[in-house]
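Numbered from 1 within each chain, the chains take letters A, B, ... in sequence-line order. Hydrogens, waters and symmetry mates are skipped; everything else that's a heavy atom, side chains included, is used. Quick caveat, the model's predicted, so the values are computed rather than measured.
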Amino acid sequence: MWLKILGSLLIVVAGTCIGFNVAARFAERPHQIRQVISCLSALKSQINYVAVPLPEALAQCTCGVAGPVADFFHTMSSLLLTNGWLTPQAAMEQALDESKQLVLNQPEREILAVFSANLGSMDREEQHKSLELIHEQLSRIQFEAEKLCEQNVKMYRYLGICSSLAVVIILV
Amino acid sequence: MQIKDNFADKLNKDDKCMTNTENILTQHIYPILPLHLSQLLKAIPPRLQAKVTEIRIRVNQPLLLVLGNHDIMLDVSGQASSQAQAYHCTIQDLLRTFQLICKNSVYAFEPELRQGYLTITGGHRVGLAGQATAFNGAVKTLTHISSLNIRLARAIPGCADPILPFIIDDVSHRIYNTLLISPPRCGKTTILRDLIRQLSTGKATLGIAGVQIGLVDERSEIAACENGIPSIDLGPRVDVLDACPKASGLLMLIRSMAPEVVATDELGRLEDVAAVREAIHAGVSVIATVHSRTISELRERPPVGELVQQKVFERYVILSNRLGPGTIEEIYDSCQEKVVYAGTNEVRVCG
């Protein structure tokens, strides 16, 4: 009897955790996109106003931002600093691979890939245009991600609890 | 004994020169070259390495090292060789070098690129040639870079010694308005750098107590600033405006830092001429350099020639490459219209 109760409890806890984890991913995504947008805005200033080289600009654009997004920009900066022969595109790909905590989906990753292909090789005016475009595209994705977040967070939390309870009922 | 001493001095000087060049190559040049090119340069015999003044990289052409008055081509093992056996640089070599120089950040070097050069850490200038993109008659940027010329800058303390006594007024100890004249690669910048250092430090034997100097280093070559801080010793009394256009920089320094002397490199534009004239009339001495071969040639070169015609500068120092970079041909006093120093066979090796 005690074994059954313990097993059921474990199933409920595990199901709830899975549900909350998936929900957290949906909640974290718009937050991280927002952070990427604010880092890119700071990068725009670093490029347009101060005109510092990319490794420095990428390291400085994370002021006020912490967590996986800041780590991602710092990784990219140190990759460019230590391996000067790496292109910004290659450095960004490598940094995205290394940043396991990032919960960015394919659309925003593709936008970042296109952005990195033009990064550093143009003059200030063109970099400004490119950053404006990326900002616009990411803002649209952020809006969609927030909508998805509203719809899915509660649903996945309840789904986790309810499905685990259903499993317990079936097994018992 | 005297001969022995001189020989020891010479050996000492050669060793210092070798270490100096080796340091320059290791700290500043190898990091901006692809690995195989830097390994090729490392394999050069040290005696040759010490004489390198320029490294020239051209697409599909041999890797060239300029050693003072002549150049050599290098084979894959780093030895001097004929054109047929020399290592031929590829487009990838140039692209990689350019990428390393500008740190993947073309936007950060936009004004320099428009003028066809970049200055790297240590104050070494890298000249660029390729396809220019022009709008409304002005060069917007350079693309498809096909040639690079890496010019090694060396600080040679004491190389301005022969000039120093001639640019100071014996009575008032005022510094004369001085113009250093020479074609490229004759050591103008190196001598200007040493003049600034000696004037700022002071020299008791000449009665100079140390002068407040304002330096406008438009190309970041003289002071080799890193984050605005000079990386080359210029003495204790120098204020540097790094990467600032000469014309506005000269006037900014005069207003803000109250210098006794302002110095700048390579006058050429109309606004530079106006700024020099304004500085001189503001009671500040000017030391500057300009590209030309002789005073008469310079007189015909607009707009800088106007300064010569109006006798704005009191001393002209003519430099050449005749006996190696930094050969002082003559020092001319424009007030008395006579040569006050005529070069002998003295050689000054400058970078």
Side-chain angles (χ1 to χ4, degrees), chain A residues 39-61 73-95 112-135, chain B residues 27-39 90-116 118-121 126 128 130-136 138-145 220 225-228 242-245:
Chain A
C39 284
L40 290 181
S41 292
L43 184 67
K44 194 158 64 181
S45 310
Q46 293 287 342
I47 289 176
N48 280 314
Y49 187 62
V50 200
V52 289
L54 265 187
E56 274 175 68
L58 287 165
Q60 285 167 12
C61 74
F73 280 101
H74 280 292
T75 310
M76 192 177 163
S77 160
S78 59
L79 279 171
L80 285 174
L81 203 64
T82 49
N83 310 302
W85 41 267
L86 264 185
T87 59
Q89 193 174 18
M92 185 171 274
E93 270 173 32
Q94 207 173 319
L112 285 176
V114 172
F115 163 64
S116 66
N118 296 321
L119 192 58
S121 56
M122 308 276 179
D123 63 10
R124 270 189 252 183
E125 202 184 320
E126 295 303 318
Q127 292 293 335
H128 183 79
K129 282 183 201 163
S130 162
L131 277 158
E132 289 274 303
L133 183 69
I134 298 299
H135 190 289
Chain B
Q27 288 171 16
H28 307 140
I29 307 299
Y30 296 153
I32 60 148
L33 291 176
L35 196 63
H36 64 283
L37 286 189
S38 56
Q39 276 169 349
T90 63
I91 182 81
Q92 286 305 321
D93 290 340
L94 265 107
L95 289 177
R96 185 59 60 84
T97 311
F98 181 64
Q99 186 189 356
L100 288 165
I101 292 170
C102 69
K103 299 176 187 168
N104 281 306
S105 318
V106 170
Y107 63 83
F109 299 94
E110 227 179 291
E112 289 96 331
L113 269 177
R114 255 184 240 136
Q115 296 193 49
L118 295 167
T119 309
I120 58 169
T121 313
V126 181
L128 308 159
Q131 194 178 343
T133 310
F135 287 104
N136 299 328
V139 176
K140 189 169 165 66
T141 189
L142 278 179
T143 53
H144 302 111
I145 308 291
S220 306
C225 284
E226 283 171 40
N227 300 321
D242 184 43
C244 180

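The part of A57(A) that comes within reach of chain B is its side chain, from C-beta onward, which places non-hydrogen atoms under 4.5 angstrom from that chain. Interface remark: L80(A) contributes side-chain atoms only to the contact with chain B (heavy atom separation under 4.5 Å). The part of L86(A) that comes within reach of chain B is its backbone (N, CA, C, O), which places non-hydrogen atoms under 4.5 angstrom from that chain.
Across all their heavy atoms, A51(A) and A108(B) have their closest contact at O-CB, 3.2 Å.
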Counting distance alone, with no hydrogens or angles, which donor-acceptor pairs between chain A and chain B are under 3.5 Å?
unit_1, atom_1, unit_2, atom_2, d
V52(A), O, Y107(B), OH, 2.8
L54(A), N, S105(B), OG, 2.7
L54(A), N, Y107(B), OH, 3.2
W85(A), O, Q99(B), NE2, 3.1
L86(A), O, Q99(B), NE2, 3.2
L86(A), O, N104(B), ND2, 2.9
G120(A), O, V106(B), N, 2.7
M122(A), O, Y107(B), N, 3.4
D123(A), OD2, K140(B), NZ, 3.4
R124(A), N, E110(B), OE1, 2.9

